[in-house]
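So the structure is just underneath, and the comments pick up after that.
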Protein chains: 2
Amino acid sequence: METEQQHIQNRLDEAKNQFISTIAQNMGLYGVSDTNGRLYGTMLFADRPMTLDDMSEALGMSKMSMSTGIRALMDAGMVERVWEKGVRKDLYQSNDDWYQSFTSVFVNRWREASDNNQKAARRAKEDFEVFLEEAEDPYLIDVLQHDLEKINYALNYYEWLDEVIRIFESGEIFAMIPPK
Amino acid sequence: METEQQHIQNRLDEAKNQFISTIAQNMGLYGVSDTNGRLYGTMLFADRPMTLDDMSEALGMSKMSMSTGIRALMDAGMVERVWEKGVRKDLYQSNDDWYQSFTSVFVNRWREASDNNQKAARRAKEDFEVFLEEAEDPYLIDVLQHDLEKINYALNYYEWLDEVIRIFESGEIFAMIPPK
DNA sequence: TTGAGCGTAAAGTATATACTGTACATACAT
DNA sequence: ATGTATGTACAGTATATACTTTACGCTCAA
């Protein structure tokens, strides 16, 4: 027979779970899978650092999944490893500074994409310019000029995007829009 | 035997393809799949609006895939349908205003995520507060207070995030960081 | 009214992704 | 030194996603 307090505890766990499920679902935008999101949420509400076995128990999933999940969350800077002397098992806790950790995730992902795109655009531009020198057919020249315009437009866009990313990277965004 | 001009044309197509492949790969950040990204890229460089059959031919994929792909790109506002009288087939062209289309994609996705999270957080907060009233066990009370702190922190974060999204939604971002 | 051309729904298939179980290498305690 | 506990690589399996094929309903021309 469960006591009154146990009943509250159960409903509390249920409420937490519901919240965790929701944020986990929406973490796809940060490039975090659903289950890794639940993993993060579980650690967020844990009052102590957790071991892989703790997580495995809490989520009812294999320890191996926890291991790979933690690695992904660490890479994203959303989780950090902590040490306690006398404890053999690895201990992890969530990085609770969402402003820092989530903007860094955002910056890393978008910076990489922008860099790739810029490189590809510059390479295409060089090629197009060479072709333009060689071309004689008026129609081909016309096509090439239009294509060059597109590439130049893209390059400008990426420059702008870089500026946006920089605002987040440097922390200027927090001056523009102060955290509460 | 291919002429000089044809040879240029071939190399041009190759260069375009390489560029398209790169941006398509990085379009995952916008929630656009790789092949839909290629579809967009193909239309971007097309000098005329394209039919589903054109696309199917260009990408070497089934017309059905083009149909569903186009629908996704339309929903994202990255592609628009155009009419030409006397033409039976549906015609589509890329929306070339990247500042508009891509920021709107960004806003929609993040706004939805933020809304969901906020709803879940508010629901959790209400629950936690009820539990706090009912709780008597000091340890449980302590846990609840910490949990409430987390939820309040989350709510503040979502408010901040909403502000960030609003900057993009309203176009204020273009005053802060002007397009080139 | 009929027939051909068009877009898409539905079901089936292939490919990619996420997850698990086992087995191993490493580190620590005795 | 030896045994035990711990994290992870690897291979296999299940699940989800992307893609194709077939069939159908709708629209417009004749």
Side-chain angles (χ1 to χ4, degrees), chain A residues 20-21 23-43 46 48-76 78-93 109, chain B residues 20-21 23-43 46 48-76 78-93 109:
Chain A
I20 290 172
S21 292
I23 64 172
Q25 252 176 335
N26 292 301
M27 254 180 230
L29 291 182
Y30 302 104
V32 176
S33 74
D34 194 279
T35 50
N36 285 354
R38 268 169 46 222
L39 186 53
Y40 175 83
T42 306
M43 292 199 295
R48 317 228 58 250
M50 295 179 78
T51 68
L52 293 179
D53 286 317
D54 293 338
M55 304 171 202
S56 177
E57 160 97 34
L59 295 192
M61 291 176 67
S62 73
K63 198 161 83 166
M64 187 64 218
S65 293
M66 303 301 99
S67 178
T68 55
I70 280 292
R71 182 191 284 248
L73 292 173
M74 294 252 295
D75 287 349
M78 295 170 62
V79 154
E80 53 195 13
R81 189 168 169 195
V82 293
W83 277 268
E84 282 182 22
K85 68 173 177 183
V87 178
R88 292 268 308 261
K89 302 187 180 188
D90 293 357
L91 290 168
Y92 301 93
Q93 69 186 11
R109 286 163 56 87
Chain B
I20 290 172
S21 292
I23 66 172
Q25 253 175 333
N26 292 301
M27 255 181 228
L29 291 181
Y30 301 105
V32 176
S33 74
D34 195 280
T35 50
N36 285 353
R38 269 170 43 220
L39 186 52
Y40 175 83
T42 305
M43 291 196 297
R48 314 227 63 247
M50 295 179 80
T51 67
L52 292 180
D53 286 317
D54 293 337
M55 305 171 203
S56 178
E57 160 97 32
L59 296 192
M61 292 175 65
S62 73
K63 196 161 87 168
M64 187 65 218
S65 293
M66 303 301 99
S67 178
T68 55
I70 279 293
R71 181 190 286 248
L73 292 174
M74 293 251 297
D75 287 348
M78 294 169 60
V79 154
E80 54 195 16
R81 187 168 171 194
V82 293
W83 277 267
E84 282 180 22
K85 69 174 179 183
V87 178
R88 289 271 306 266
K89 303 188 182 189
D90 294 356
L91 290 170
Y92 302 94
Q93 69 186 13
R109 285 163 55 86

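Bear in mind the structure is a predicted one, so any value in this text is a computation, not a measurement. Proteins come first, then strands; the chains are lettered A, B, ... in the order of their sequence lines, and each starts at number 1. Below, all heavy atoms of this structure are taken into account, side chains as well, without hydrogens, waters or symmetry copies.
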message = Rounding to an integer number of Å, can you tell me how far A:Arg71 CZ sits from C:dC19 P?
response = 16 Å

query = Can you check the B:Lys85 NZ to D:dC28 P distance for me, whole Å?
reply = 16 Å

remark   = Given Watson-Crick and G-U pairs under 3.5 Å, DNA chain C in dot-bracket ([ ] crossing, | other strand) is ||||||||||||||||||||||||||||||

key: Rounded interatomic separation in angstrom, taking CG from B:Leu59 and P from D:dA18   = 16 Å

ask   = Who are the side chain to side chain donor-acceptor pair (under 3.5 Å) partners of A:Lys63, not counting sequence neighbours?
value = none

request  = Take atom CG of B:Leu52 and atom C1' of D:dT21, then tell me their distance rounded to the nearest Å.
outcome  = 16 Å

key: side chain to side chain donor-acceptor pair (under 3.5 Å) against A:Asp53, all qualifying residues, sequence neighbours excluded   = A:Lys89

Gap between atoms CE and P, on A:Met74 and D:dG7 respectively (whole Å) = 12 Å

request  = Quick one: closest heavy-atom pair of A:Ser56 and A:Ser62, and the distance?
outcome  = OG-C, 3.9 Å

query = Closest approach of A:Tyr40 and A:Met27, non-hydrogen atoms and distance?
reply = CD2-CE, 3.7 Å

task = Scan nucleotides 20-30 of chain C nucleotide by nucleotide, 5' to 3', and note B when protein non-hydrogen atoms come under 4.0 Å of the base, S if they reach only the sugar-phosphate, - if neither.
result = BB------S--

query = Looking at residues at least two apart in the chain, or sitting in another chain, which of them share a salt bridge (Lys or Arg N to Asp or Glu O under 4.0 Å) with B:Arg48?
reply = B:Glu84

query = To the nearest Å, how far apart are B:Leu39 CG and D:dA18 C1'?
reply = 14 Å

key: 4.5 Å side-chain heavy-atom contact, A:Glu57 and A:Met50   = no

ask   = In residues 24-37 of chain B, which ones come under 4.0 Å of DNA chain D, going by heavy atoms?
value = B:Thr35

ask   = Okay, side chain of B:Asp54, backbone of B:Thr51: is any donor-acceptor separation there less than 3.5 Å?
value = yes

key: Separation of D:dC28 C1' from B:Glu84 CD (nearest whole Å)   = 18 Å

query = So, does A:Ser65 use its side chain to make a donor-acceptor pair with the main chain of A:Met61 at under 3.5 Å?
reply = no

message = Tell me the closest heavy-atom pair linking A:Ile70 and A:Leu39, and the distance in Å.
response = N-CD2, 3.9 Å

query = NZ of A:Lys89 versus P of D:dT8: gap in Å, rounded?
reply = 14 Å

query = Heavy atoms, side chains only, cut-off 4.5 Å: are A:Arg81 and A:Leu91 in contact?
reply = no

message = Which heavy atom of B:Met55 sits nearest to which heavy atom of B:Tyr92, and what is that distance?
response = CE-CD1, 3.6 Å

